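Note sheet for the following structure.
Start at 1 with the first residue, then count along the sequence. As the structure is a prediction and not an experimental result, all values here were calculated from the model.
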Amino acid sequence: MALSPVTRTRPAPGRLTRVMIVDDSAVIRGMIGRWLTEAGGFEIVATASNGRMAVDAAARATPEIILLDLEMPEVDGLAALPLILKAQPASKVIVISTLTQRNAEISLKCLSLGAVDYLAKPESARAPGAANEFRRELVEKMRALSETTARPPRVSAALAPKPASPAPLPLPRAGATKPQCLLIGSSTGGPRAVERVLMDMKPALSRIPVLIVQHMPAMFTAVFADHLQTLLSVPAREARDGDAVAPGTILVAPGGRHMGVVSSGGKAMVRLNDGQPENFCRPAVDVLFREAAAVYGASALAVVLTGMGSDGTHGARHLTKAGATVIAQDEATSIVWGMPGSIVKAGLAHEVLPLESIGRSLKGLITGAST
C-alpha cells in the first residue's frame, strides 16, 4: 500500500491521545516517541521493553493506543496482547513487526485476538526513504485511530439516535438484478470485518465470486488469503493476473498491485497492474470498483468496510451509475469510519449497516431469500 502524506492539520488544542510504546529497542521507542510528539496531539504516557512490562504499564497508565512490537525478550507481543487487552480492554493496539512471512502470520493472529491494525517496520535503512515512509504511515494510522478514542460507547440500535449523515439511497427492488460478483473494500480493522462478513454469508459463497481489496503490504495479502481459506473452507488465494473470476472463489488483491476486472471472450478475468497509487493506495478499492462497474454493471454488489481515508468513493460512483448496489458499514461498528463514512456522506450507500448485519444482508441479496 502506498502511503499518504502526513496530515498537516494539528488536532484541537487540549485533546491529547494517550499512547504507550512497547519495543525492546530503546532507539525505536525514543524515535517513535519523538515523531508522535512532533506530530502533535499525542502524549506518551508509558514505554516498555517487553511484554511483561507492557501488561503492568497498561494497567497503570491507561493508554488509548498501544504500539506493540512482536519480537521481544521474556514475553513477546503475541503472548502479551491478550493480557494487555485484559488489563486495558478499551485500548486500541497496533502491532508493529518487520515484514517477514512468519511475522505476517503472527500479525494476523494478533488481529484475531483483538489488535486493530498492523504496521510493517522497515528491516533496515537499505531501502531509500524507508524510515520516512514508516513515519508517515505511523502518524496517519495514529491520527485515524485517535479520532475514534473519544467515540461514546455503542448502544443498541433501538436506543441509538438517528445518524446525522445523509440518508442512503433506497435499495433496488428485490430480485431486480441478481448479483454476479461481490466486491469488498477495507483497510484499518478490515481483516476481522471481512472474516465476519464472509462467515455470516458462508452459505451463499458458492454462488458468487468474491474480490477483496484489503490495504495490506505484500506478503500479508497471501497470508490473509490462506487464512480465509482455512477459516471458510472455500477456495481463497492471492489473485494472479489472468485468474478467472468464478463463483465459489475468493481472490485477494496482492499487496503493492492494483486489481481490476476485464471481460475476455464473455468471461471475467482479473487484471493486475503496477499503475500509480490512487488515493495514496496500491492496491486501491477505486480501481476494482471502477473496472467491475464496466464489466458487471448492475449485477455488481459492493461492500465498503472499516478503514481510514476515502478509497472506494470514486469507484462507488461508477458502480451506482451502472445500477449496482453499494453497502457501507456503519460508524458504530467501524474501527475507523473513513472509507465507509465517505461513501455515506457522498450519498452512494444503498444501505448503512452494522457489521453483524452485513453478511446476512448480502446472503439475502445473493440467494434472493428474505433477511
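Nearest heavy atom pair, residue I65 against residue M142, reads CG2-SD, 3.6 Å. Nearest heavy atoms, I343 versus G312: CD1-O, 3.6 Å. Taking each heavy atom of V234 and G248 in turn, the nearest pair found is CG1-O, 3.4 Å. Closest non-hydrogen pair, W337 versus E331, comes out as NE1-N, 3.1 Å. I94 and L145 get closest at one heavy-atom pair: CD1-CD1, 3.4 Å. Scanning all heavy atoms of the two residues, the minimum distance from I21 to R29 falls at CD1-O, 3.8 Å.
The backbone N or O of G275 lies less than 3.5 Å from a partner atom in the side chain of R282, making a donor-acceptor pair. No donor-acceptor pair under 3.5 Å is formed between the side chain of N279 and the backbone N or O of C281. Without hydrogens or angle criteria, D76 side chain to L70 main chain gives no donor-acceptor distance under 3.5 Å. No donor-acceptor distance shorter than 3.5 angstrom exists from the side chain of S310 to the backbone of T313, with no hydrogens or angles considered. Judged by distance alone, the side chain of D286 and the main-chain N or O of G315 form a donor-acceptor pair under 3.5 Å. Panel note: side chain D243, backbone R240; a donor-acceptor pair is recorded below 3.5 Å. Remark: side-chain polar atoms of E291 are paired, donor with acceptor, to backbone N or O of V261 under 3.5 angstrom. Between the side chain of T306 and the backbone N or O of G189, no donor-acceptor pair lies under 3.5 Å. The closest donor-acceptor contact from the side chain of E140 to the backbone of A144 lies at 3.5 Å or more, if one exists at all. Distance alone, capped at 3.5 Å, is enough to place a donor-acceptor pair between the H350 side chain and the V326 backbone.
For the atom pair CG (L85) and SG (C110), the distance works out to 9.5 Å, reported to the nearest 0.5 Å. Rounding to the nearest 0.5 Å gives a distance of 6.0 Å between CD1 of I32 and CG of D23. From N103, atom CG reaches atom OG of S97 across 4.0 Å, with rounding to the nearest 0.5 Å. The CH2 atom of W35 sits 10.5 Å away from atom CZ of R136, with the distance rounded to the nearest 0.5 Å. The structure places NZ of K178 at 9.5 Å from OG1 of T367, a figure rounded to the nearest 0.5 Å. L228 CG to T230 OG1: the interatomic distance, rounded to the nearest 0.5 Å, is 9.0 Å.
By the neighbour-count criterion of 12 heavy atoms within 6.0 Å, atom NZ of K202 is densely surrounded, having more than that number from other residues, nucleotides or ligands.
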Criterion side-chain contact (heavy atoms from CB on, under 4.5 Å) on I212 and L251, from CA distance to verdict:
CA-CA 6 Å; I212 301 172; L251 298 176; over 6 Å; no
Original post:
Where do R135 and E38 land on the salt bridge (charged side-chain N to carboxylate O under 4.0 Å, His left out) test, with the steps shown first?
Top reply: CA-CA 11 Å; R135 177 179 183 172; E38 291 173 355; 2.7 Å; yes
* How far apart are the C-alpha atoms of L81 and L68, what are their side-chain angles, what is the distance that settles it, and do they pass the side-chain contact (heavy atoms from CB on, under 4.5 Å) test? -> CA-CA 8 Å; L81 176 62; L68 180 65; 4.1 Å; yes
ask   = After noting the C-alpha distance and the side-chain angles of K121 and D69, does the key distance pass the salt bridge (charged side-chain N to carboxylate O under 4.0 Å, His left out) rule?
value = CA-CA 9 Å; K121 185 190 297 184; D69 188 25; 3.2 Å; yes
Worksheet item: Is there a side-chain contact (heavy atoms from CB on, under 4.5 Å) between V252 and R237 once you walk through the steps?
Response: CA-CA 6 Å; V252 178; R237 65 176 183 273; over 6 Å; no
So V210 and L198, side-chain contact (heavy atoms from CB on, under 4.5 Å) or not? Walk me through it.
-> CA-CA 9 Å; V210 180; L198 294 180; 4.3 Å; yes
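Counting only N and O atoms by type, the side chains of H227 and E195 include a donor and acceptor under 3.5 Å apart. Checked by atom type, the side-chain pair D311/H215 shows a donor-acceptor distance below 3.5 Å. With no hydrogens or angles considered, no side-chain donor-acceptor pair links T221 and Q214 at under 3.5 Å. Residues S233 and Q229 have side chains that never bring a donor and an acceptor to within less than 3.5 angstrom of each other.
Residues V19 and I96 are members of one and the same hydrophobic cluster, defined by side-chain heavy-atom contacts under 4.5 angstrom among Ile, Leu, Val, Met, Phe, Trp and Tyr. The cluster map of Ile, Leu, Val, Met, Phe, Trp and Tyr, joined by side-chain heavy atoms under 4.5 Å apart, puts L355 and L231 in the same cluster. Residue L78 is grouped with residue M72 when hydrophobic side chains (ILVMFWY) are merged at heavy-atom distances under 4.5 angstrom, including chains of intermediate members. Grouping the Ile, Leu, Val, Met, Phe, Trp and Tyr side chains by contacts below 4.5 angstrom, directly or via other members, places I250 with L362. Residues L272 and M219 fall into different hydrophobic clusters, defined by Ile, Leu, Val, Met, Phe, Trp and Tyr side chains chained together at heavy-atom separations under 4.5 Å.
Checking each of H314, H258, R290 against E278 for a side chain to side chain donor-acceptor pair (under 3.5 Å) leaves exactly one that passes, namely R290.
By the 4.0 Å N-to-carboxylate-O rule, R15 lies too far from E43 to be salt-bridged with it. Between D200 and K363 there is no salt bridge, since no side-chain nitrogen of the basic residue lies less than 4.0 Å from a carboxylate oxygen of the acidic one. Of the charged side-chain nitrogens involved, at least one lies within less than 4.0 Å of a carboxylate oxygen, so that D117 and K141 count as a salt-bridged pair. No salt bridge links E64 with R18; every basic N to acidic carboxylate O contact stays at or beyond 4.0 Å.
At least one side-chain heavy atom of S361 sits less than 4.5 Å from a side-chain heavy atom of I327. Using a 4.5 Å heavy-atom threshold, the side chains of Q180 and I208 count as separate. Looking only at side-chain heavy atoms (C-beta outward), V95 and L119 stay at 4.5 Å or farther from each other. Between R360 and M201, the closest side-chain pair of non-hydrogen atoms is not below 4.5 Å. Residues P283 and M259 have side chains not in contact (no heavy-atom distance under 4.5 Å, counting atoms from C-beta outward). A 4.5 Å side-chain heavy-atom check between P191 and Y118 finds at least one atom pair inside the cut-off. You'll find the side chain of L138 reaches within 4.5 Å of the side chain of L67, heavy atoms only. Looking at heavy atoms from C-beta onward, S186 lies out of side-chain contact with V304 at the 4.5 angstrom threshold.
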